[in-house]
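These notes are about the structure you will find just below.
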Amino acid sequence: MKYASASEMMGRVMELFAPPPDLTVSQWADAYRRLSPESSASPGRWYTSKVPYLKEPMDMVGRPGVRRISLMTSAQVGKSSFVENTLGYLMHQDPCPILIVQPTIDSVKMFSKERLAPMIRDTPVLRDKVKDPRSRDANNTLMSKQFPGGTLAMVGSNAPAGLASRPIRAVMCDEVDRFELSAGTEGDPINLAVKRTTTFWNRIVIFVSTPGDKGTSRIEMEFEAGDQRRYWCPCGDCGEFQILKWSNVKWTDGDPDSAYYECEKCGAAWSDYDRKDRK
């Protein structure tokens with residue numbers, strides 16, 4: 001490529017070596033993330049505005065002083081997207097050694113094939129950073145990936161060898177309430193994973209799960225050990241902010257299609273459309 005002047009050439013060189021923009025995870029996802037047809041009913045561009053309750057958890061990643069994030073939610077509300085967006089952000093914006101812990105080896109393989117591989121394929125800024133595992137690159141397999149400036153390892157909670165080896169800066173434990181109580185004879189898999197971050201001053205440990213039995217739930221204990229933030233929704237009639245509770249879901253006996261949400265203050269009935277509009 002020819003340049004009109006030395007200053008133009010230097011300008012191009014400076015562009016190539018410029019640091020990445022200073023983005024939060026939600027800003028990165030809105031700018032770059034593309035949802036895949038294998039894992040989304042609405043493939044294409046990601047919009048945090050459609051799941052606003054994920055914005056604050058995502059934006060805690062990288063915030064000064066935040067070292068531990070716990071996300072306890074119901075099923076099918078975006079937990080996996082939270083993990084994927086955080087992973088994509090780290091790979092693109094803040095590369096480092098990353099560990100993802102899933103309940104079992106089978107769930108690791110499922111995550112790698114059905115969530116990670118499509119995300120890398122369909123998100124252009126990630127596509128060129130990680131080679132296809134079919135390329136016979138020993139650094140990129142079904143359960144491990146290498147990219148400029150970092151690595152990703154994926155292990156099951158019952159695999160002590162994968163939990164007790166090299167140092168890791170970012171650990172993401174997915175569906176922790178389904179974890180084994182012990183990784184073989186090595187002890188608690190969560191403790192094993194967290195210990196791998198101790199040498200990093202900017203470490204981040206993330207726990208994500210639907211809760212299991214009350215009193216023994218790992219994610220409940222993690223949630224209660226934190227500041228216990230919850231997402232509050234306003235009533236469109238009285239304006240009262242409230243946490244959505246199953247006890248406020250009502251319907252006519254024998255007719256589940258008549259279900260609505262009842263405002264706990266004024267009793268106004270929210271349709272499912274109203275509920276989504278109040279996120």
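Only this structure's heavy atoms are used, side chains among them; waters, hydrogens and symmetry mates stay out. In this text the structure is predicted, and so the values were computed from the model without any measurement. We're numbering straight along the sequence, starting at 1.
For the side chain to side chain contact (heavy atoms under 4.5 Å, CB included) test, residues two or more places apart in sequence or in another chain that qualify with N158 are I105, E180.
With hydrogens and angles ignored, the 3.5 Å screen pairs a side-chain donor or acceptor of R127 with a backbone N or O of R121. Counting only distance, with no hydrogens or angles, the side chain of D174 and the backbone of I100 share no donor-acceptor pair below 3.5 Å. Q93 places no side-chain N or O within 3.5 Å of a backbone atom of W28 that could act as its donor or acceptor partner. Side-chain N or O atoms of Y89 include one that pairs as donor or acceptor with a backbone N or O of L23 at under 3.5 Å. Remark: the backbone N or O of D30 is paired with a side-chain donor or acceptor of R45 at under 3.5 angstrom. A donor-acceptor contact shorter than 3.5 Å links the side chain of T197 to the backbone of V194. Under the 3.5 Å distance criterion, the side-chain polar atoms of T123 are left unmatched by any main-chain donor or acceptor of V125. Using modelled atom types, no side-chain atom of N85 and backbone atom of V25 make a donor-acceptor pair closer than 3.5 Å. One N or O on the side chain of S258 and one on the backbone of T252 form a donor-acceptor pair closer than 3.5 Å. At distances below 3.5 Å, at least one donor-acceptor pair connects side-chain atoms of R67 with backbone N or O atoms of W201.
For W232 and F241, the ring centers sit 6.0 Å or farther from each other.
Classification of R169 and D94 as a salt-bridged pair holds, one side-chain N sitting under 4.0 Å from a carboxylate O. Using a 4.0 Å cut-off between charged nitrogen and carboxylate oxygen, E38 and K113 do not count as a salt-bridge pair. The pair K55-D59 meets the salt-bridge criterion, with a side-chain N (NZ, NE, NH1 or NH2) lying under 4.0 Å from an Asp/Glu carboxylate O.
Residues V171 and L152 fall into different hydrophobic clusters, defined by Ile, Leu, Val, Met, Phe, Trp and Tyr side chains chained together at heavy-atom separations under 4.5 Å. Residues M154 and V130 share a single hydrophobic cluster, defined by chaining ILVMFWY side chains whose heavy atoms lie under 4.5 Å apart. One hydrophobic cluster, built from ILVMFWY side chains closer than 4.5 Å, cannot hold both M72 and M58; they sit in different ones. By the criterion of side-chain heavy atoms lying less than 4.5 angstrom apart, applied directly or through intervening Ile, Leu, Val, Met, Phe, Trp or Tyr residues, V83 is not grouped with V155; the two fall into different hydrophobic clusters.
Between T210 and K79, some side-chain heavy-atom pair lies under the 4.5 Å cut-off. At a threshold of 4.5 Å between non-hydrogen side-chain atoms, the residues F82 and T73 do not count as touching. Counting heavy atoms from C-beta on, the side chains of I190 and V205 never come closer than 4.5 Å. Residues F200 and P97 meet the side-chain proximity criterion, which asks for heavy atoms closer than 4.5 Å. Annotation: side chain of R218 is not in contact with side chain of S209 (no heavy-atom distance under 4.5 Å). Here the side chains of M119 and R33 are in contact, with some heavy-atom distance below 4.5 Å. Side-chain contact between E222 and V176: absent, with no pair of heavy atoms (C-beta onward) separated by less than 4.5 Å. For the pair W46/S81, a side-chain contact is recorded, criterion being any heavy-atom separation below 4.5 Å from C-beta on.
Donor-acceptor pairing under 3.5 Å is lacking for the side chains of S36 and S39.
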Inset, instruction - Assess whether side-chain contact (heavy atoms from CB on, under 4.5 Å) is satisfied between T86 and I69, documenting all intermediate values. - result: CA-CA 12 Å; T86 300; I69 299 170; over 6 Å; no
Inset, instruction - For K265 and C235, run side-chain contact (heavy atoms from CB on, under 4.5 Å): C-alpha distance rounded to whole Å, both residues' side-chain angles, the deciding distance at 0.1 Å, then the answer. - result: CA-CA 9 Å; K265 182 178 181 181; C235 174; over 6 Å; no
Inset, instruction - Walk me through it: do M172 and V208 pass the test side-chain contact (heavy atoms from CB on, under 4.5 Å)? - result: CA-CA 8 Å; M172 289 178 264; V208 177; over 6 Å; no
Inset, instruction - Start with the C-alpha distance between Y261 and K245, add both sets of side-chain angles, then the distance that settles side-chain contact (heavy atoms from CB on, under 4.5 Å), and finish with yes or no. - result: CA-CA 9 Å; Y261 190 87; K245 302 173 184 175; 4.2 Å; yes
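When all heavy atoms are compared, the tightest approach of P211 to I219 is CA-CG2, 3.7 Å. A pairwise comparison of heavy atoms in F179 and Q102 identifies CE1-C, 3.8 Å as the closest pair. When every heavy atom of I243 is checked against every heavy atom of R230, the shortest pair comes out as CD1-CD, 3.1 Å. What you find for P124 and D122 is that their closest heavy atoms are CD-O, 3.3 Å. Among all heavy-atom pairs drawn from L163 and S157, the shortest one is CD1-O, 3.8 Å. The heavy-atom pair separating L126 from M91 by the smallest distance is CD2-CB, 4.1 Å.
Below 30°, between 30° and 60°, or above 60°: for Y32 and H92 the angle between ring planes is above 60°, a perpendicular geometry. The aromatic rings of Y231 and Y53 lie perpendicular to each other, with more than 60° between the two planes, well past the 30° mark.
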